[in-house]
Amino acid sequence: MPRFISYAQAISEALVQAMQEDKDIFIFGLGVDDCKGIFGTTIEVAKQFAPQRVFDTPACENALTGIAIGAALNGKRPVLVHARHDFMLLALDQMINNAAKWTYTYHGQSTLPIVIRAIVGKGWGQGPTHSQNLQAVLAHFPGLIVAVPSNPVDVKGLFIQALKSNSPVVMVEHRALYDLKADVSQEPYRLPFGHARVVRMGRDVTVVATSLMVQETLKAATMLEAQDISVEVVDPVTLNPLDEKTILTSVKKTGHLLCADSDWPKCSFASEVAALVAEKAFYDLKAPIGRLGWKACPAPVSKVLEDEFYPDSQDIVQAILKLLKRHEVKVNPLKTIDSFSGPY
Amino acid sequence: MITKEIQKKLFDLMLKIRQAEEKIVEVYAKEQTMRTPTHLSIGQEAVAAGLGLALHKNDQIFVGHRCHAAYLAKGGSLEGFFAELCGRASGICGGRAGSAHLSDHSAGIYASPILSSMIPVAVGAALSFKMDGKNQVAVAVFGDAAIEEGVFAESLNFAVAKKLPVLFLCENNLYSTYSPMSVRQPSSPIFERVRIPELDTRQIDGNDAVLVYECLSRVVDKVRRESKPYFVECLTYRIREHVGPLFDYDRGYRTKQEVEAWMTKCPIKKLKQELIHSQIMTETAIKTLEEQWQHVCDEAYKKALAAPWPTENTLLNYA
Ligand SMILES: Cc1ncc(C[n+]2csc(CCOP(=O)(O)OP(=O)(O)O)c2C)c(N)n1
Ligand SMILES: [Mg+2]
């Protein structure tokens with residue numbers, strides 16, 4: 001039975017259901033059992049399973065990751081939580097030198113069922129060091145599954161899937177999506193890795209968007225529809241493994257590609273998709289590929305600068321019009337309510 | 001109580017490790033069949049042997065780049081060892097891991113060469129043992145330089161705060177590659193610097209296999225019974241170069257006299273004298289044992305060379 005629940009509630013529900021079913025799952029990380037419960041996502045599991053299976057830790061991200069590995073080797077399913085993705089920078093040694101290489105290097109002698117949650121911050125002056133996204137780095141190194149859920153339905157299905165997987169999975173969550181609501185099935189369900197979702201069908205241009213940018217692109221698509229410009233929105237869902245086929249099929253149909261990423265464009269997932277299409281669908285393109293992401297500076301705090309830093313639905317509209325050489329088109333901005341009113 | 005049996009077992013295990021590594025010394029440069037940087041433990045065998053005998057079969061060791069001795073002492077496959085060094089499909093890790101990642105998971109031995117990186121993994125194993133009420137112990141084995149890394153401090157703090165059954169075992173051989181302790185650390189002994197009220201630490205002669213065994217079996221027992229960490233520093237010395245099979249007197253970072261002084265403190269020589277002196281083994285019996293291990297290693301190496309290479313189409317297996 002579907003209920004209209006938020007992204008944060010969907011995460012909470014997935015964790016509760018998975019933990020009820022599998023006693024080897026435990027959740028740890030800084031503040032996972034405190035009153036805020038990682039923006040509400042771990043309050044319910046803490047109620048049911050703390051302190052044995054939900055517990056607070058010292059601030060030592062790299063060690064915590066190694067600890068997750070050691071526990072996973074012995075049959076546990078650790079879920080390690082970073083309240084901001086930026087904190088994971090201190091854990092990259094364990095993630096990349098150990099976790100990502102483990103099963104391959106040791107020739108399958110053991111597997112690592114680990115889930116690492118990382119939340120990308122945005123808004124209310126999160127600023128330079130509380131708003132970054134490491135998805136491109138993580139997907140670059142072979143060995144980590146990287147999921148970038150853009151909505152409540154996907155985030156629940158991906159969590160259940162991750163908690164049954166035998167490989168290390170990084171869940172890149174977006175804070176600005178936490179209040180987004182959708183009809184989510186009460187029953188546990190799994191969403192496979194490596195299956196992109198065509199979120200909206202269209203004819204004129206393909207936008208491959210990730211995470212928050214999926215929602216922004218959907219708004220842009222609605223605005224352009226009034227001008228008879230039809231946008232197809234593809235959400236890769238996981239960056240690694242990557243569903244190349246769905247992306248290529250869409251571009252072959254529309255002949256136009258915009259990559260709209262919740263990250264800086266340089267050496268990014270957007271660049272990866274652009275390269276993929278240039279390699280495998282070049283002759284289907286009717287115009288050069290476009291990339292849209294954050295401006296080339298750290299994220300500033302001041303609201304005015306912050307708004308300039310992040311692209312939104314209006315920027316996506318403009319990028320699409322440029323791609324289609326439809327500069328003459330005037331688009332009425334959509335009235336949107338920012339669901340996140342702060343403060344953090 | 002140290003029985004004759006234990007002394008013989010310690011000696012046997014040290015000989016096995018020594019002969020395996022002497023085989024590497026013999027062929028490494030000459031035959032070039034092992035294309036993997038090797039960090040030999042020649043001169044440091046007593047630590048691994050004492051530890052190996054002090055542990056239960058289902059205990060686990062997590063070690064860094066200098067891992068051969070711990071691997072063999074924990075019961076890692078000898079044939080898998082040589083085949084791995086030779087890059088063969090029958091290597092313990094299918095030829096993917098090489099010398100510095102030598103790991104036989106079924107034997108409870110895990111190695112990875114990023115300094116200090118296996119220390120938190122040992123702590124995580126200990127966490128799972130405690131959570132599941134298992135009566136197992138995890139051991140992190142590392143060198144004197146590993147304690148300079150941040151993750152060592154992180155791991156120690158976590159293990160002490162959460163009271164986990166993990167032994168931190170530091171093999172202090174006085175050098176990090178060519179760098180002496182004096183340029184890297186304060187002059188006070190490591191075991192004193194690491195000690196806090198909640199963490200017992202001690203320092204022992206790491207070249208005395210009997211002493212190492214005696215100490216570690218007591219410590220491991222305590223870690224197991226009380227579920228709390230312990231730190232032991234073993235003073236020892238690497239006889240060969242940091243990486244590779246050669247002597248390295250000529251490189252200017254340590255003197256020949258220093259190396260030769262430590263050679264006289266060779267752990268195998270020491271126990272051999274004790275065994276002969278207390279008439280536990282005769283010189284002839286010892287010679288025979290040595291030859292037996294030499295033969296076993298020769299055969300394992302030969303078998304490795306005759307074994308098939310991994311086929312190209314397996315490159316992406318487990319990727
Ligand atoms: C993070 C990291 N930095 C540097 C190195 C290069 N390195 C390999 S072994 C070594 C020396 C280690 O010394 P120690 O821990 O005392 O062990 P030993 O070699 O003496 O047994 C260094 C610096 C490494 N493997 N990992
Ligand atoms: Mg050293």
Side-chain angles (χ1 to χ4, degrees), chain A residues 23-26 28-30 49 51-78 80 90-114 141-144 166-167 240-241, chain B residues 58 60 62 84 89 91-98 101-106 108 110-132 134 136 138 140 149-162 164 166 310 314-319:
Chain A
K23 63 172 181 26
D24 285 321
I25 298 173
F26 70 92
F28 72 138
L30 278 69
F49 301 108
Q52 286 81 13
R53 293 171 59 198
V54 177
F55 55 89
D56 205 355
T57 65
C60 51
E61 289 76 7
N62 201 25
L64 294 177
T65 311
I67 288 164
I69 294 171
L73 284 178
N74 286 286
K76 309 304 286 182
R77 285 189 173 272
L80 172 57
L90 280 74
L92 284 183
D93 164 45
Q94 285 296 329
M95 292 186 68
I96 290 166
N97 279 322
N98 275 346
K101 294 170 179 49
W102 198 273
T103 301
Y104 184 87
T105 305
Y106 301 122
H107 207 210
Q109 290 185 70
S110 53
T111 54
L112 291 185
I114 297 171
F141 293 91
L144 299 172
N166 282 326
S167 310
N240 196 22
Chain B
N58 65 354
Q60 296 175 355
F62 299 85
E84 185 63 30
I92 192 66
C93 300
R96 288 146 177 240
H101 288 95
L102 266 172
S103 300
D104 187 341
H105 295 189
S106 64
Y110 305 82
S112 187
I114 294 295
L115 274 191
S116 217
S117 77
M118 280 308 216
I119 299 178
V121 182
V123 173
L127 173 68
S128 76
F129 298 158
K130 180 165 180 173
M131 288 178 90
D132 289 346
K134 291 179 182 165
Q136 289 165 260
E149 296 286 357
V151 79
F152 166 71
E154 293 182 14
S155 304
L156 210 61
N157 179 65
F158 188 97
V160 175
K162 305 280 183 190
L164 302 181
V166 55
T314 63
L315 177 69
L316 294 178
N317 289 0
Y318 300 111

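Hydrogens, waters and symmetry mates play no part in the numbers below; they use all other heavy atoms, side chains included. Lettering follows sequence order; numbering is per chain, from 1.
With a 4.5 Å cut-off on side-chain heavy atoms, B:P120 and A:T65 do not count as touching. With a 4.5 Å cut-off on side-chain heavy atoms, B:F62 and A:I69 do not count as touching. Residues A:D93 and B:S117 are in side-chain contact: their nearest non-hydrogen atoms beyond the backbone lie under 4.5 Å apart. Counting only heavy atoms from C-beta outward, the side chains of B:F158 and A:L64 approach each other to under 4.5 Å. Taking the side chain as every heavy atom from C-beta outward, A:N98 and B:Y110 never approach each other to under 4.5 Å.
Of all heavy-atom pairs spanning B:L127 and A:F55, the tightest one is CD2-CZ, 4.1 Å. For the pair A:P58 and B:K162, the tightest heavy-atom approach, listed with the atom from each and the gap, is CD-CE, 4.4 Å.
Contact count versus chain A (heavy atoms, under 4.5 Å) is highest, among B:K134, B:M118, B:M131, B:Q136, for B:M131. Interface remark: of the candidates B:A111, B:A159, B:S128, B:S128 forms the most heavy-atom pairs closer than 4.5 Å to chain A.
For B:L315, the parts lying near chain A are the backbone and the side chain together; criterion is any non-hydrogen pair under 4.5 Å. Neither the backbone nor the side chain of B:F152 has a heavy atom closer than 4.5 Å to any heavy atom of chain A. Using a 4.5 Å cut-off between heavy atoms, B:L102 does not touch chain A at all. Proximity to chain B is limited to the backbone of A:D56, based on heavy atoms less than 4.5 angstrom apart. Interface residue B:A319: backbone and side-chain heavy atoms are both found under 4.5 Å from chain A. Both the backbone and the side chain of B:A97 come within contact range of chain A, judged by heavy atoms closer than 4.5 Å. For B:E84, no part lies under 4.5 angstrom from a heavy atom of chain A.
Side-chain contact of A:N74 with B:Q60: a donor-acceptor pair under 3.5 Å is present, judged by distance alone. Under 3.5 Å, the side chains of B:H105 and A:S110 contain a donor-acceptor pair of N or O atoms.
With rounding to the nearest 0.5 Å, the separation of OG1 in A:T103 from CG in B:N317 is 12.5 Å. Rounding to the nearest 0.5 Å gives a distance of 8.5 Å between OG of B:S112 and CD of A:Q94.
In this view, A:K76 and A:D24, B:D132 satisfy the salt bridge (charged side-chain N to carboxylate O under 4.0 Å, His left out) rule, not counting sequence neighbours. Applying the side chain to side chain contact (heavy atoms under 4.5 Å, CB included) test to A:L90 and every residue at least two apart in sequence or in another chain returns A:E61.
B:R96 places no side-chain N or O within 3.5 Å of a backbone atom of A:Y106 that could act as its donor or acceptor partner. No side-chain donor-acceptor contact under 3.5 Å links B:E154 to the backbone of A:A59. Looking only at distances, no side-chain donor or acceptor of A:Q109 sits under 3.5 Å from a matching main-chain atom of B:C93.
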